[in-house]
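Heavy-atom basis, side chains included; hydrogens, waters and symmetry copies ignored.
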Amino acid sequence: MSQSHQQPALSKCPGCEEPPVAGDLFCGACGYDLSAVPARPDDRPTMAITVPPAAPAAEAVRWPTAEETDSSDVPAPVVRPADVPGTDSGGRPLTGPDAESGRGAASPSGPVLTGGPDSAAARVRHDDRADPGGAEASGDFALAAPDPRATEHAAALAPGAKVCVACRSGRVDADGYCENCGHAQPRERDHMEQELDAVAAVSDRGLRHHRNEDSFAVSSTALPDGSPAVVAIVCDGVSSASRPDEASAAAASAANEALLESLPRGTHPQQAMHEAIVAASEAVNALAQEPAGAREHDAHRHQNAPACTLVGAIMAGGLLIVGWVGDSRVYWVPEDRTQPTARLTEDDSWAAQMVAAGLMNEAEAYADERAHAITGWLGADSYELEPHTAAFKPDRPGLVVVCTDGLWNYAESAEEMAAAVPADAREQPLHAARALVGHALDGGGHDNVTVALLPFAVRPQGAGSACDTV
């Protein structure tokens with residue numbers, strides 16, 4: 001393929017010295033024809049290179065005799081560090097007291113070179129002990145001292161101002177950029193963690209998405225009889241919809257608030273979960289009613305209604321209540337790992353429908369490229385809302401795992417999820433949640449990852465099946 005010749009890019013306009021825009025044929029400031037070839041200057045744009053005088057004959061370098069020859073029987077040059085005289089950047093001789101023995105002088109604190117460059121045993125060993133003159137004496141480059149101006153700048157920041165994570169000195173402006181170095185700052189939702197006495201949750205942006213479109217809410221309250229109730233809500237924004245991050249945040253917040261209002265009133269937890277999902281749906285629907293253009297940062301997205309999935313769990317009165325719409329899941333992992341584990345939710349997805357209809361087995365359905373297409377979600381453009389709820393009465397202690405597909409894609413079956421859960425998860429739920437997020441990131445982190453863990457304790461008089469639906 002032929003290529004057209006192009007004039008070299010100009011750094012500034014010859015007419016007004018303003019920097020031109022790449023690809024412009026005329027200067028936008030003064031109209032100068034940038035395609036015109038500038039006249040050749042009278043003087044030569046070169047500088048004479050001063051050649052150092054030749055060394056006296058007495059100081060001529062004596063090259064060592066080669067001990068080996070190459071394939072043409074020509075002696076191969078062999079050069080050792082002390083064979084060639086010279087000076088370093090500080091004017092000191094490169095050869096030292098050990099020159100005659102073929103070893104270069106080295107500072108005890110700098111890199112120590114063992115053997116010459118032709119030695120197969122050449123290696124570098126660094127000493128971490130401080131030596132003010134070591135780096136200079138060895139010819140190595142010392143790390144620059146902290147810039148005192150940065151310290152002064154950081155000290156001048158107003159109390160409570162956010163400091164740049166890159167330069168550690170500049171103030172972060174409202175747009176999320178450092179006013180000192182211009183570095184974009186991590187957003188608050190890129191990684192979120194929360195821990196209460198009986199529940200912990202972690203959410204992470206993952207390795208492929210430009211933002212975190214998941215959200216969660218964890219809380220605790222008391223039933224009318226004074227017994228505790230623990231809540232975990234996890235929402236996953238639908239990426240193909242507009243403002244999925246806002247949808248998931250609105251749904252998680254609305255569902256959590258509804259539960260904190262209804263549970264203390266004595267509403268049955270399963271009914272409370274159903275009402276919470278309806279409240280979350282209404283909150284997401286309300287986002288679609290905002291005026292067009294209200295969110296300029298999503299102008300590149302299709303302006304369909306904001307949407308998300310939701311999954312939640314309630315531990316109250318010895319019951320475990322789960323509710324969901326979409327493909328986020330709840331797993332049951334017993335404390336005794338020899339006991340059976342279980343997945344407590346069924347996906348609203350194309351693959352789940354194929355399996356339920358008997359048209360495919362589970363392996364075939366989830367291998368299909370349409371497997372993760374969801375058939376149920378929260379949003380103004382969803383089909384008729386059908387919240388799913390179920391109640392269980394575990395007869396043994398265990399762990400409830402509430403998560404988005406960003407995690408279960410890397411631990412799909414109940415057995416795989418149980419294997420990924422740390423053994424001490426019930427005692428350290430936050431640590432375990434971090435470990436599960438790390439498991440997804442190690443697997444590729446293709447999606448946002450969110451997980452909430454609820455350690456389930458059985459009352460002494462409790463009884464019943466581990467998966468006994470009420």
* Asked: Under 3.5 Å, side chain of Ser262 to main-chain N/O of Ala258, donor-acceptor pair present?
  -> yes

* Is there side-chain contact between Asp204 and Met192, with heavy atoms separated by less than 4.5 Å? -> no

* Asked: Do Arg329 and Asp347 sit within salt-bridge range, that is, some charged N less than 4.0 Å from a carboxylate O?
  -> yes

* **Candidate pair Val234 and Val451, rule side-chain contact (heavy atoms from CB on, under 4.5 Å), full reasoning** => CA-CA 7 Å; Val234 169; Val451 58; over 6 Å; no

* Short question: side chain of Glu416, backbone of Ser413 - any donor-acceptor pair under 3.5 Å? -> yes

* When you check the side-chain N and O atoms of Ser239 and Glu213, is any donor under 3.5 Å from an acceptor? -> yes

* Ionic contact status for Arg208 with Asp447, cut-off 4.0 Å -> no

* Dump the intermediate steps for side-chain contact (heavy atoms from CB on, under 4.5 Å) on Asn180 and Arg171, then the final yes or no. => CA-CA 7 Å; Asn180 182 43; Arg171 186 179 71 88; over 6 Å; no

* To do: List the steps and the verdict of side-chain contact (heavy atoms from CB on, under 4.5 Å) for Asp395 and Val458.
  => CA-CA 7 Å; Asp395 62 354; Val458 178; 5.8 Å; no

* Could you go step by step and tell me if Glu335 and Arg426 meet the salt bridge (Lys or Arg N to Asp or Glu O under 4.0 Å) rule? -> CA-CA 8 Å; Glu335 183 178 28; Arg426 294 189 70 249; 3.3 Å; yes

* **Close side-chain approach of Arg434 to Leu430, heavy-atom, < 4.5 Å** => yes

* Is a donor on one side and an acceptor on the other found under 3.5 Å between the side chain of Arg205 and the backbone of Arg187? -> no

* Can you name the nearest heavy-atom pair linking Phe456 to Gly318, along with the distance? -> CZ-O, 3.6 Å

* Is it true that atom CG of Asp336 has more than 12 heavy atoms of other residues, nucleotides or ligands lying nearer than 6.0 Å? -> yes

* Under 3.5 Å, side chain of Arg343 to main-chain N/O of Thr345, donor-acceptor pair present? -> yes

* Is Glu346 atom CD crowded by more than 12 heavy atoms from other residues, nucleotides or ligands, each under 6.0 Å away? -> no

* What is the minimum heavy-atom distance between Gln339 and Pro334, and which atoms define it? -> O-CG, 3.6 Å

* **pair Leu287-Asn285: side-chain heavy atoms closer than 4.5 Å** => no

* Taking Thr341 for the side chain and Trp332 for the main chain, is one N or O donor matched with an acceptor at less than 3.5 Å? -> no

* Any side-chain heavy atom of Val231 within less than 4.5 Å of one from Asn256? -> yes

* Check: Asp424 main-chain N/O paired with Gln428 side-chain donor or acceptor under 3.5 Å -> no

* Do Trp408 and His372 have ring centroids that are under 6.0 Å from one another? -> yes

* State, to 0.1 Å, how close Pro455 and Met315 come at their nearest heavy-atom pair, and which atoms those are. => O-CE, 3.3 Å

* To do: Can you measure from CE (Met273) to CH2 (Trp324) and round to the nearest 0.5 angstrom?
  => 10.0 Å

* Exam field: side chain Tyr331 to backbone Glu412, donor-acceptor pair closer than 3.5 Å -> yes

* Kindly give the heavy-atom pair with the smallest separation between Ala391 and Ile321, and that separation in Å. => CB-CD1, 3.4 Å

* Any donor-acceptor N or O pair under 3.5 Å, side chains His191, Glu193 -> yes

* **Side-chain touch Ile277/Val325, heavy atoms, less than 4.5 angstrom** => yes

* Give a yes or no answer on whether the side chain of Arg243 reaches the backbone of Ala247 with a donor-acceptor pair at less than 3.5 Å. => no

* **Note, Arg211 side chain near Pro244 side chain (heavy atom, < 4.5 Å)** => yes

* Would you call Val437 and Leu407 a side-chain contact if the rule is heavy atoms closer than 4.5 Å? -> no

* Reported CD-to-CG distance for the pair Glu188 and Asn212, which is rounded to 0.5 angstrom -> 11.0 Å

* How long is the gap from NE2 on His268 to CD1 on Ile314, to the nearest 0.5 Å? -> 10.0 Å

* Checking side-chain contact (heavy atoms from CB on, under 4.5 Å) for the pair Leu399/Leu454: CA distance, chi angles, key distance, verdict? -> CA-CA 6 Å; Leu399 186 75; Leu454 299 86; over 6 Å; no

* Any donor-acceptor N/O pair, His274 side chain to Pro387 backbone, under 3.5 Å -> no

* **Spacing of His446 atom NE2 and Leu441 atom CG [to the nearest 0.5 Å]** => 11.5 Å

* Distance-only polar pair, side chains of Ser215 and Ser248, donor-acceptor under 3.5 Å -> no

* To do: Report yes or no: do Asp236 and Thr404 form a side-chain donor-acceptor pair below 3.5 Å?
  => no

* For residues Cys181 and Cys178, report the shortest heavy-atom separation together with the two atoms involved. => N-SG, 3.3 Å

* To the nearest 0.5 Å, what is the distance between SG (Cys403) and CG (Leu453)? -> 9.0 Å

* To do: Compare all side-chain heavy atoms of Thr309 with those of Asp348 and state whether any distance is below 4.5 angstrom.
  => no

* In Å and rounded to the nearest 0.5 Å, what is the CH2 to OH distance from Trp350 to Tyr366? -> 10.5 Å

* Check for a donor-acceptor pair, side chain of Asn409 on one end and backbone N or O of Asp405 on the other, with a separation under 3.5 Å. => yes

* Heavy atoms only: give me the nearest Leu436-Ala420 pair and the separation to one decimal. => CD2-O, 3.5 Å

